[in-house]
Asker: 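One structure, as structure tokens, below. Some questions next.
Worth saying up front: this structure is predicted, and the values here are computed from it rather than measured. Lettering follows sequence order; numbering is per chain, from 1.
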Number of protein chains: 2
Amino acid sequence: MDFTTLRDDMEAADTSSLVDKVEANLVRLLQERKLKVGDAIPKETELAELLGVSRTVIREAMLRLRMMGMIESKKKKGAVITSPDLFGVMSKSMNPHILDQDTLKEIFEFRLVLEIGMADLIFYHITREDIEELKRIVSKEPQATQHHLFHIEHEIAFHGKLYEITGNETMKKFQRMLLPVFDYVHNSGLLKKPPSLKKFVSHKGLVDILENGSPELFRNAMRNHLENHFARLFASSEP
Amino acid sequence: MDFTTLRDDMEAADTSSLVDKVEANLVRLLQERKLKVGDAIPKETELAELLGVSRTVIREAMLRLRMMGMIESKKKKGAVITSPDLFGVMSKSMNPHILDQDTLKEIFEFRLVLEIGMADLIFYHITREDIEELKRIVSKEPQATQHHLFHIEHEIAFHGKLYEITGNETMKKFQRMLLPVFDYVHNSGLLKKPPSLKKFVSHKGLVDILENGSPELFRNAMRNHLENHFARLFASSEP
DNA sequence: TATCTTTATTAAGTCATACATAATAATTTA
DNA sequence: TAAATTATTATGTATGACTTAATAAAGATA
């Protein structure tokens with residue numbers, strides 16, 4: 001593998017910090033060389049020498065790549081390319097306590113948008129077994145008298161299954177990341193109006209539509225199912 | 001500010017790397033102390049002494065926080081808390097050339113889902129001026145004879161405006177991040193079947209609905225508008 | 001010979017120290 | 001008093017040494 005042109009490229013770069021340059025060059029390099037997952041990259045000391053910078057800088061740059069999920073490094077073996085994990089870092093900052101209120105609210109909205117919009121994906125991928133499982137989940141729906149936590153768990157089981165059906169791993173990961181935030185916003189005083197306890201389209205109703213309906217019907221039903229959330233959203237801020 | 005309990009907490013932690021522990025402890029600390037944006041955190045040497053680790057480790061941990069957008073550090077002034085940028089790191093790895101094909105396709109789907117699902121947000125926030133601007137954008141729609149790039153630009157202008165109307169900055173950022181990937185997938189051979197050039201609901205049609213219709217109508221219209229994309233998606237993989 | 005165990009090697013992880021750089025504060029000078 | 005100069009300070013970078021764990025090599029045992 002030829003890393004010799006790297007230094008020139010780097011010196012051509014501009015104002016930003018040294019680590020920034022090295023990082024950018026490494027990223028560029030990896031994609032230029034079309035390195036596949038599993039391929040090894042030179043060791044830190046070699047890179048340091050090649051780029052004419054200290055090992056400290058190389059390490060900081062590689063740390064960033066590691067955070068992006070672009071590489072993994074192990075002792076003795078060195079670093080190898082991996083398929084980047086889009087949500088790795090993001091999920092760390094996805095913490096209700098360190099995000100500002102506006103962002104929290106926007107994330108709340110994000111989930112609603114996703115669940116309404118994914119109707120077509122669901123209908124395209126759904127199988128007989130999926131429907132059976134959904135029915136099974138619905139049948140375990142907790143009574144109104146039961147503890148709050150049971151309801152949350154049930155919500156997660158049902159809606160999580162929907163994401164699973166889409167077959168879209170990225171979306172599923174995204175949802176898993178959103179969950180705690182959603183729950184936090186739901187229970188915090190962030191959204192003014194308490195949810196009316198009126199019942200809209202139920203989980204069972206949604207499953208019926210999945211079995212016999214169409215994406216259009218499902219979208220509207222899901223919108224209705226989420227009405228309480230929307231109501232709180234639109235009640236707590238002027239457009 | 002009292003950072004003295006930090007060391008004990010840290011020593012209670014387990015197997016992971018030293019930097020991992022320090023990172024976790026710093027994050028935990030910042031949220032426990034409810035530090036506000038702009039508040040300064042102790043300097044590297046102080047933290048190093050307090051935690052009983054080298055400055056190297058502190059620096060690596062802080063570098064991670066910086067990547068998450070949780071802190072910003074400037075020379076002499078030290079580091080201060082910032083509101084985390086959820087997409088900062090993500091957008092770096094959102095590179096068509098380093099993502100695997102499955103993920104690329106999933107991101108493609110992601111956009112479609114969002115644009116169908118965000119109907120309610122649009123209707124809630126939209127103003128007279130927004131509609132005027134949309135009409136202005138539509139009026140500049142390039143002819144079929146014009147260059148491919150004009151069409152792309154027009155697409156971005158129109159759909160970007162829709163995201164803007166939602167008032168959801170998070171979603172807007174997300175979309176900006178998705179754009180290059182979407183374009184890449186659209187033009188690459190990733191999706192088998194070339195788009196049929198049949199015309200479905202046009203941009204103008206969508207604007208009409210925004211003016212006189214309802215979220216339900218808009219969702220269905222948008223679904224139809226995106227039909228070419230869906231067709232390619234569903235043609236290139238078995239469910 | 002084949003397999004298990006021990007030892008050596010290697011590259012990342014951690015540490016300590018020194019110096020460079022740039023932003024701020026303090027001081028001098030006009 | 002205000003501008004210009006100098007000192008200070010915290011991060012940024014460099015260097016060399018040491019630690020640790022994974023791998024490879026060598027050796028022992030069957």
Asker: For the pair made of CD in A/Glu44 and P in D/dG16, what is the distance, rounded to whole Å?
Answerer: 16 Å
Asker: Can you measure from OG1 (B/Thr166) to CG (B/Asp120) and round to the nearest 0.5 angstrom?
Answerer: 12.0 Å
Asker: Nearest 0.5 Å please: distance from the CD atom of B/Glu115 over to the CZ atom of B/Phe110.
Answerer: 12.5 Å
Asker: At under 4.0 Å between heavy atoms, which parts of nucleotides 15-24 of chain C does protein reach? Answer with one letter per nucleotide, 5' to 3': B base, S sugar-phosphate only, - none.
Answerer: BB-B--BSBS
Asker: Who are the ring pair (Phe, Tyr, Trp, His ring centres under 6.0 Å) partners of B/Tyr184, not counting sequence neighbours?
Answerer: B/His97
Asker: If I take atom NZ in residue A/Lys43 and atom C1' in nucleotide D/dA22, what distance separates them, rounded to the nearest angstrom?
Answerer: 15 Å
Asker: Among residues at least two apart in sequence or on other chains, which ones pass ring pair (Phe, Tyr, Trp, His ring centres under 6.0 Å) with B/Phe123?
Answerer: none
Asker: Could you give the NZ-to-P distance, from A/Lys21 to D/dG12, as a whole number of Å?
Answerer: 15 Å
Asker: Any chance you could measure B/Leu104, atom CG, to B/Met94, atom CE, to the nearest 0.5 Å?
Answerer: 9.5 Å
Asker: What is the distance, to the nearest angstrom, from the CD1 atom on A/Ile58 to the P atom on D/dT13?
Answerer: 12 Å
Asker: Figure out the CD/P separation between A/Glu49 and C/dA11, and round it to whole Å.
Answerer: 13 Å
Asker: Please confirm whether the shortest side-chain N or O distance from A/Arg59 to OP1 or OP2 of C/dG13 is below 4.0 Å.
Answerer: yes
Asker: Over 60° means perpendicular and under 30° means parallel, so tell me whether B/Phe158 and B/His154 are parallel, tilted or perpendicular.
Answerer: parallel
Asker: Does anything in residues 61-69 of chain A come within less than 4.0 Å of DNA chain D? Heavy atoms only, and list the residues if so.
Answerer: none
Asker: Taking atom CG of B/Leu226 and atom CD1 of B/Ile116, what is their separation to the nearest 0.5 Å?
Answerer: 5.5 Å
Asker: In plain terms, say whether B/Glu60 and B/Arg64 are close enough for a salt bridge, that is, a side-chain N and a carboxylate O under 4.0 Å apart.
Answerer: no
Asker: Would you please name every residue forming a side-chain hydrogen bond (donor to acceptor under 3.5 Å, both in side chains) with A/Arg55, sequence neighbours left out?
Answerer: A/Glu44
Asker: Please say which of A/Asn187, A/Leu112, A/Ile107 ends up in a side-chain contact (heavy atoms from CB on, under 4.5 Å) with A/Phe182.
Answerer: A/Leu112
Asker: On the 0 to 90° scale, with breaks at 30° and 60°, tag the B/His186-B/His229 ring pair as parallel, tilted or perpendicular.
Answerer: perpendicular
Asker: For the helix from C/dT1-D/dA30 to C/dA30-D/dT1, figure out the bend between the end axes, five pairs an end, and round to 10 degrees.
Answerer: 10°
